[in-house]
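Read the numbers this way: they start at 1 and go in the same order the structure lists the ligands and their atoms. Hydrogens, waters and symmetry mates play no part in the numbers below; they use all other heavy atoms, side chains included. The shown structure was predicted, so the numbers you read here are calculated from the model rather than taken from an experiment.
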Amino acid sequence: MINVTRSSMPSYEEYCEQIKSIWDTVHLTNMGPIHNQLKEQLKDYLKVNNVELFVNGHLALYCGLKALKLQGEIITTPFTFASTTNAIIQAGCTPVYCDVKQDYTIDETKIEALITDKTSAILAVHVYGNICDVDAIQKIADKHGLKVIYDAAHAFGVEYNGRGITDYGDMSMLSFHATKVFHTIEGGALCFKDEGLQKQIAKQRNFGINGEELECFGSNAKMNEFQAAMGICNLRHIDDELQARKQAFVRYTERLSNVEGLTVLPLTDKIKQNYAYYPVLVDKEKFGLNRDELCEKLLAQGVLARKYFYPLVSENKEFEKDMSKTTPYAKMLSRNIMCLPLYAHLDTNDVDMICDVILK
Ligand SMILES: *Cc1c(COP(=O)(O)O)cnc(C)c1O
């Protein structure tokens, strides 16, 4: 069985060495020394000034929205993981769905028409490591006095114009879940522009506590030392990791980029890519099979492709009405796109086998 993803692991010995000091410090969680060390290393790697670590990406995003004290409507997209919309709703705001464009990110030309006097922010997603048009989005936000937040869960290590992608906007969330390019088992982070937000973010992460005071209502979303130790180990190998992903990515592209009816992600030098996912958009008319049929063919050969993202978050049953109608392109994508297996050291023979099944 070839799974759609496989977590990267440091060696057993390397991890044990990294956690050894915890038996001396007996500091297991609550912003311990390993947590602080990882934070500093990530600031360098991501090329950002302010980073705070979290127990997972979802709570990072939720705490970020709360720290920004957002209210009313937030313009976002439905072509994302459930987390993005859940964080908006949990923070007491209303998601307003904007359609996505051909690169799967928010269609910036459709944002302004959705702005009302209740709009407080734009929460866009760098889908599959493809980046949003961050310059156009910032222009719109500046014109209308809106905050800009990015769900950068897919975009670890991506750079644009020589700048870390999480340095754009007011705030970006990263996920360090086991399935992501870089992981801390579970984990996440917020990168943010305004240093003054640090206190607010820290309070949201720790029950609203500041010193001895309870200053607001907050969550418990702290990253523990064992998670941070996994992060330090994985960060040591991140360049090899990205290089190994690139090999599989390039091989897929060689085999699949000219297949009638399939659209794959382009290799590009416009950004520093992270090769996080290998999505394939299937056009049944031209390809002969639809997405679901192709997934079944692959599964029969022991290949687990993932219908990702499907369904749209706007199709959540708790919404009173089906909001997916207002975003036809996102809906079409969710019905016709899938991600092929991609992880570091995925064997080229396996990539070829998967491509053979698809081409056949
Ligand atoms: C993984 C992911 C999240 C949530 O991150 P967790 O660390 O699993 O909580 C949010 N948004 C997107 C787009 C993701 O892929």
Side-chain angles (χ1 to χ4, degrees), residues 3-8 35 38 42 46 51-66 74 76-91 95 97-98 100 103-106 121-132 149-158 165-166 169 171-191 201 204-205 219-224 226-228 230-231 234 245 265 274-279 306-316 327 330 333-334 337-339 342-343:
N3 212 335
V4 68
T5 180
R6 192 178 132 155
S7 300
S8 46
H35 163 282
L38 177 62
L42 283 171
L46 298 168
V51 176
E52 288 299 330
L53 306 183
F54 285 80
V55 68
N56 61 52
H58 177 70
L59 281 170
L61 183 57
Y62 167 73
C63 289
L65 300 181
K66 295 287 283 183
I74 297 181
T76 187
T77 79
F79 192 65
T80 178
F81 187 57
S83 172
T84 324
T85 278
N86 287 350
I88 292 172
I89 304 250
Q90 288 171 330
Y97 292 112
C98 182
V100 295
D103 68 359
Y104 316 132
T105 69
I106 195 164
I122 300 166
L123 201 184
V125 186
H126 300 306
V127 181
Y128 307 131
N130 268 358
I131 63 167
C132 303
I149 303 113
Y150 289 104
D151 179 334
H154 287 190
F156 185 88
V158 172
I165 195 62
T166 55
M171 187 180 272
S172 293
M173 174 273 276
L174 288 162
S175 164
F176 306 149
H177 184 260
T179 55
K180 303 297 204 286
V181 166
F182 164 79
H183 78 86
T184 59
I185 310 171
E186 293 257 8
L190 287 178
C191 305
I201 288 170
Q204 287 297 333
R205 184 176 57 190
S219 302
N220 176 8
K222 302 176 300 278
M223 176 182 281
N224 69 53
F226 290 83
Q227 290 175 289
M230 179 61 87
N234 283 334
R245 281 178 169 273
L265 279 190
N274 70 352
Y275 316 103
Y277 297 87
Y278 205 85
R306 184 171 174 204
K307 298 171 192 175
Y308 189 70
F309 302 105
Y310 171 81
L312 295 177
V313 292
S314 50
E315 293 177 273
N316 192 308
T327 58
L333 289 177
S334 76
I337 206 163
M338 62 188 204
C339 288
L342 180 61
Y343 44 86

Would you indicate which of H58, H177, K180 comes nearest to atom 2 (C) of ligand 1 when only heavy atoms are counted?
K180
Using a 4.0 Å heavy-atom cut-off, which part of H154 comes near ligand 1: side chain, backbone, both, or neither?
side chain
Mark up the atoms of ligand 1 that fall under 4.0 Å of a heavy atom belonging to [X], in ascending order.
{"X": "T80", "result": "13 (C)"}
{"X": "G187", "result": "7 (O)"}
{"X": "Y308", "result": "15 (O)"}
{"X": "A153", "result": "2 (C), 3 (C), 10 (C), 11 (N), 12 (C), 13 (C), 14 (C), 15 (O)"}
{"X": "S83", "result": "3 (C), 4 (C), 10 (C)"}
{"X": "G57", "result": "5 (O), 6 (P), 7 (O), 9 (O)"}

Can you name the closest pair of heavy atoms from G129 and V158 and give their distance?
O-CG2, 4.0 Å
Between [X] and [Y], how do the two ring planes meet: parallel, tilted or perpendicular, split at 30° and 60°?
{"X": "F81", "Y": "Y308", "value": "tilted"}
{"X": "Y128", "Y": "F309", "value": "parallel"}
{"X": "F156", "Y": "F176", "value": "perpendicular"}
{"X": "Y150", "Y": "H126", "value": "parallel"}

In Q90, Q204, R205, the residue satisfying side chain to side chain contact (heavy atoms under 4.5 Å, CB included) with K66 is Q204
Counting non-hydrogen protein atoms only, what is the nearest one to atom 5 (O) of ligand 1? Give residue, atom name and distance.
S175 OG, 3.2 Å
the protein heavy atom lying closest to atom 11 (N) of ligand 1 turns out to be D151 OD2, 2.7 Å
State, without any angle test, whether N220 and K222 hold a side-chain donor-acceptor pair at a distance under 3.5 Å.
yes
